[in-house]
A.B. asks: 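Okay, handing you the structure first.
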Amino acid sequence: MEFKTFVFYVLAAMLLFSALRVITAKNPVHAVLFLVLAFFSAASLWMLLQAEFLAIVLIMVYVGAVMVLFLFVVMMLDIDVERLRHRFWSYLPLGAMVGLLIAVQMALVLSGKYFSAEALPGHSMPADYSNIKELARLLFTEYVYPFELASVILLVGLIAAVMLTLRGRKDSKYQKPAEQVAVKRNDRVRMVSMASVVDEPSVDSAATAPEKREGQ
Amino acid sequence: MEAQFLQFFQSLLGAQWPLVEPIWPLVWAILQIVSILAPVVAAVAYLPYFERKVIAYMHVRIGPNRVGPAGLLQPIADALKLLFKEVIIPTKASKGLYILGPIMGLAPALVAWAVIPFDTGLVMADIDAGVLYLLAISSLGVYGIIISGWASNSKYAFLGAMRATAQMVSYEISMGMALIVVLMVSNSLNLSAIVAGQGRGMFADMGLGFLSWNWLPLLPMFMVFLISGVAETNRAPFDVVEGESEIVAGHMVEYSGMAFALFFLAEYANMILISAAVSIFFLGGWLSPVGFLPDGIWWLIAKISVILFLFLWFRASFPRYRYDQIMRLGWKVFLPLCFLWIVVIGTWMLTPLSIWK
């Protein structure tokens with residue numbers, strides 16, 4: 001067996017195992033971490049296909065950003081696993097149907113007349129071939145309008161999400177850092193002119209509170 | 001360089017060479033890894049000593065001076081002490097993740113060195129996606145903190161991990177945005193090409209190379225990247241993650257012995273990595289600042305040392321930022337500045353005045 005094939009099977013086994021653990025792990029945080037491992041294995045598989053740009057972007061976007069926020073939320077939620085499993089059997093038929101549908105779709109794509117893996121053009125590229133450059137060339141020439149459109153849609157989604165959750169409360173007291181930073185000495189400190197020499201306290205007052213002085 | 005080593009090993013092993021030949025790529029890779037990581041780890045060990053000395057002198061103290069001449073053996077004493085301490089695992093901790101946490105923190109800081117070029121051609125993996133690789137790997141470092149914070153099953157650790165995660169995710173964005181401007185003017189994602197690009201220009205031809213490095217035309221981005229780098233490594237003044245006065249030591253509060261030491265190693269390894277990144281992206285990497293001196297790896301080391309000194313200087317000078325101020329700086333100051341500068345540089349590049357032809 002070629003070494004590459006061996007690596008492929010190891011990575012594929014890891015991917016399958018972690019994907020399985022995502023749905024079987026008891027603890028939601030463990031499930032999310034297994035999902036991270038699944039993404040990582042998938043990225044490694046892409047790397048094996050010499051699609052290094054896509055692999056790195058998968059790690060950067062999903063592992064580095066999306067899953068961190070996911071983990072962030074899941075860790076803070078107080079999830080009662082028992083209650084989640086409560087109606088497992090009643091949801092099973094629906095879930096199984098969705099799973100079956102996905103399996104059928106993938107089978108169609110992978111084994112169909114038009115899409116089968118063998119029908120794809122071979123990719124025997126020269127050693128110095130850079131798929132980043134090729135991707136960039138395609139994105140910014142042939143597909144520049146769809147690309148820009150997608151970015152605008154994402155921006156709209158971003159702004160919409162912020163606006164939906166933004167709730168300006170009039171009664172809440174919050175700090176304004178800009179004002180705090182701009183503060184001058186005269187706003188905070190009042191200079192008072194005092195005599196440098198004061199009268200010595202009388203003997204009586206010192207004698208009445210000796211314990212206090214010792215405490216200091 | 002590989003050919004020379006190959007010849008050397010062939011002559012060294014003589015008759016035994018056919019035994020080694022099938023695993024030569026592995027041997028070569030391990031040789032490269034060791035020759036990069038051994039100096040890095042040695043630097044990581046001595047950086048805390050350097051830090052204590054520098055801060056001590058800034059405070060008009062002497063700093064460590066008991067172990068060895070001028071305290072030079074202090075890091076070894078510290079390492080031995082931590083090695084022989086017991087690693088305590090809290091009863092209610094998630095055991096596997098508790099052990100995985102520190103490892104996940106240190107590993108990305110070391111793995112990222114694979115794409116750092118030290119000189120022309122002196123790089124382990126000269127890949128075209130070098131910058132992306134660096135960003136992707138450095139974004140993994142946050143897992144070490146978040147996993148250890150959660151697995152410790154302690155409120156202080158958890159709060160520290162939450163703070164760290166939010167801070168690192170925020171500053172990663174401004175770092176990436178600052179890098180986009182660098183990519184625009186360098187026209188490449190390859191780190192060697194980015195350094196080579198800084199060696200061309202009007203000033204470089206006049207023998208004043210340091211004026212044509214990226215730090216001058218991209219000065220705001222240089223500042224953004226440097227400050228984001230300090231925030232990304234959770235160093236003072238952005239060290240709310242482990243703020244001693246508030247949450248003891250953040251995500252590492254439950255750790256002891258070598259597991260604790262790994263967090264420290266990760267922090268210092270990340271500092272050196274960020275310094276190397278700043279040197280490569282903005283300070284011309286291994287390029288010589290003036291024309292009459294030769295380029296070479298010693299320039300890169302000197303630049304890394306200067307940036308590291310800045311890290312220590314910051315720590316000795318500035319009081320800790322408040323958390324909302326940290327978030328404000330990242331999202332409301334740096335990010336808009338980066339967007340603005342992308343437009344400014346983009347416009348500049350399209351005009352006849354462009355200096356990046």
Side-chain angles (χ1 to χ4, degrees), chain A residues 3 21 25-37 39-40 43-44 46-47 50-77 127-136 155 158 162 174-181, chain B residues 22-23 25-26 94 96-97 100-101 104 108 111 115 125-143 145-147 149-151 153 158-159 161-166 168-170 172-173 176 183 187-190 193 321-329 332-333:
Chain A
F3 184 64
R21 290 294 289 145
K26 277 235 166 67
N27 192 324
V29 173
H30 291 175
V32 174
L33 287 172
F34 274 116
L35 190 55
V36 172
L37 183 62
F39 277 129
F40 210 88
S44 313
W46 285 2
M47 200 79 92
Q50 296 171 354
E52 76 267 10
F53 177 74
L54 290 177
I56 293 175
V57 166
L58 180 70
I59 290 180
M60 206 159 76
V61 174
Y62 280 93
V63 180
V66 174
M67 293 318 289
V68 172
L69 297 179
F70 226 84
L71 209 56
F72 206 90
V73 172
V74 170
M75 278 179 180
M76 292 213 267
L77 292 178
D128 60 343
Y129 172 77
S130 163
N131 64 26
I132 296 177
K133 274 191 186 130
E134 287 306 310
L135 209 63
L155 185 66
L158 189 84
V162 170
Y174 55 90
Q175 292 155 324
K176 289 178 184 143
E179 282 178 16
Q180 292 180 323
V181 169
Chain B
I23 56 159
L26 185 69
S94 179
L97 290 180
L100 186 70
M104 281 294 287
V111 169
V115 294
D126 192 19
I127 54 173
D128 266 344
V131 177
L132 282 175
Y133 175 86
L134 208 58
L135 282 175
I137 293 297
S138 66
S139 67
L140 293 182
V142 69
Y143 278 102
I145 292 173
I146 195 168
I147 287 176
W150 183 79
N153 203 4
F158 189 59
L159 281 174
M162 289 289 127
R163 285 182 174 198
T165 316
M168 287 174 86
V169 168
S170 309
E172 234 157 53
I173 294 171
L183 304 184
N187 209 3
S188 175
L189 282 171
N190 187 315
Y321 257 60
R322 213 172 54 206
Y323 199 75
D324 61 322
Q325 290 174 334
I326 291 181
M327 284 296 155
R328 173 177 166 271
L329 186 69
K332 292 189 177 172
V333 179

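Keep in mind that this is a model prediction, so the values were computed, not measured. The chains referred to below are lettered A, B, ... by the order of the sequence lines, with proteins before strands, and numbering in each begins at 1.
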A.B. asks: B:Arg163 vs B:Ile326, test: side-chain contact (heavy atoms from CB on, under 4.5 Å). Steps then yes/no.
C.D. replies: CA-CA 11 Å; B:Arg163 285 182 174 198; B:Ile326 291 181; over 6 Å; no
A.B. asks: So B:Tyr143 and B:Leu100, do their side chains get closer than 4.5 Å, heavy atoms only?
C.D. replies: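 Of all side-chain heavy-atom pairs linking B:Tyr143 with B:Leu100, none is under 4.5 Å.
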A.B. asks: Below 4.5 Å from any heavy atom of chain A, which atoms of B:Ile137 appear? Answer side chain, backbone, both or neither.
C.D. replies: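 For B:Ile137, no heavy atom lies under 4.5 Å from chain A.
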A.B. asks: Where on B:Leu135 is there a heavy atom nearer than 4.5 Å to chain A: the side chain, the backbone, both, or neither?
C.D. replies: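 Backbone plus side chain of B:Leu135, per the 4.5 Å heavy-atom cut-off to chain A.
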A.B. asks: At a heavy-atom distance under 4.5 Å, which candidate from B:Arg328, B:Gln325, B:Met162 has the highest pair count against chain A?
C.D. replies: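 Answer, by heavy-atom pair count under 4.5 Å with chain A: B:Met162.
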A.B. asks: Is it the side chain or the backbone of A:Phe72 that comes within 4.5 Å of chain B heavy atoms, both, or neither?
C.D. replies: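 Both backbone and side chain.
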A.B. asks: Could you tell me which portion of A:Val36 (side chain, backbone, both or neither) has an atom closer than 4.5 angstrom to a non-hydrogen atom of chain B?
C.D. replies: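 Side chain only.
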A.B. asks: Show your reasoning for whether side-chain contact (heavy atoms from CB on, under 4.5 Å) applies to B:Ile145 and B:Met168.
C.D. replies: CA-CA 10 Å; B:Ile145 292 173; B:Met168 287 174 86; 3.7 Å; yes
A.B. asks: Holding to ring-ring contact (aromatic ring centres under 6.0 Å, His included), I want the full list of residues that pass it with A:Tyr62, two or more places apart in sequence or in another chain.
C.D. replies: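 In terms of ring-ring contact (aromatic ring centres under 6.0 Å, His included), with neighbours along the sequence ignored, A:Tyr62 is linked to A:Phe39.
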A.B. asks: I'd like to verify something: which residue of A:Val61, A:Ile59, A:Val57, A:Val63 has the highest number of heavy-atom pairs under 4.5 Å with chain B?
C.D. replies: A:Val63
A.B. asks: At a heavy-atom separation under 4.5 Å, does B:Ile173 approach chain A through its side chain, its backbone, both, or neither?
C.D. replies: neither
A.B. asks: Just so I know, are the side chains of B:Leu140 and A:Phe40 near enough to count as touching, which here means a heavy-atom distance under 4.5 Å?
C.D. replies: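 Contact flag for B:Leu140/A:Phe40 side chains = yes.
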A.B. asks: Below 4.5 Å from any heavy atom of chain B, which atoms of A:Leu33 appear? Answer side chain, backbone, both or neither.
C.D. replies: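 The side chain, not the backbone.
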A.B. asks: Keeping the roles fixed (side chain from B:Tyr133, backbone from B:Val115), state whether a donor-acceptor pair exists under 3.5 Å.
C.D. replies: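 Answer holds: no.
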A.B. asks: Sorted by first residue and then second, give each side-chain hydrogen bond (donor to acceptor under 3.5 Å, both in side chains) pair with at least one member in residues 25-36 of chain A; sequence neighbours left out.
C.D. replies: A:His30-B:Ser94
A.B. asks: In terms of heavy-atom pairs under 4.5 Å, which option from A:Gly64, A:Ala136, A:Ala43 contacts chain B the most?
C.D. replies: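 Answer, by heavy-atom pair count under 4.5 Å with chain B: A:Gly64.
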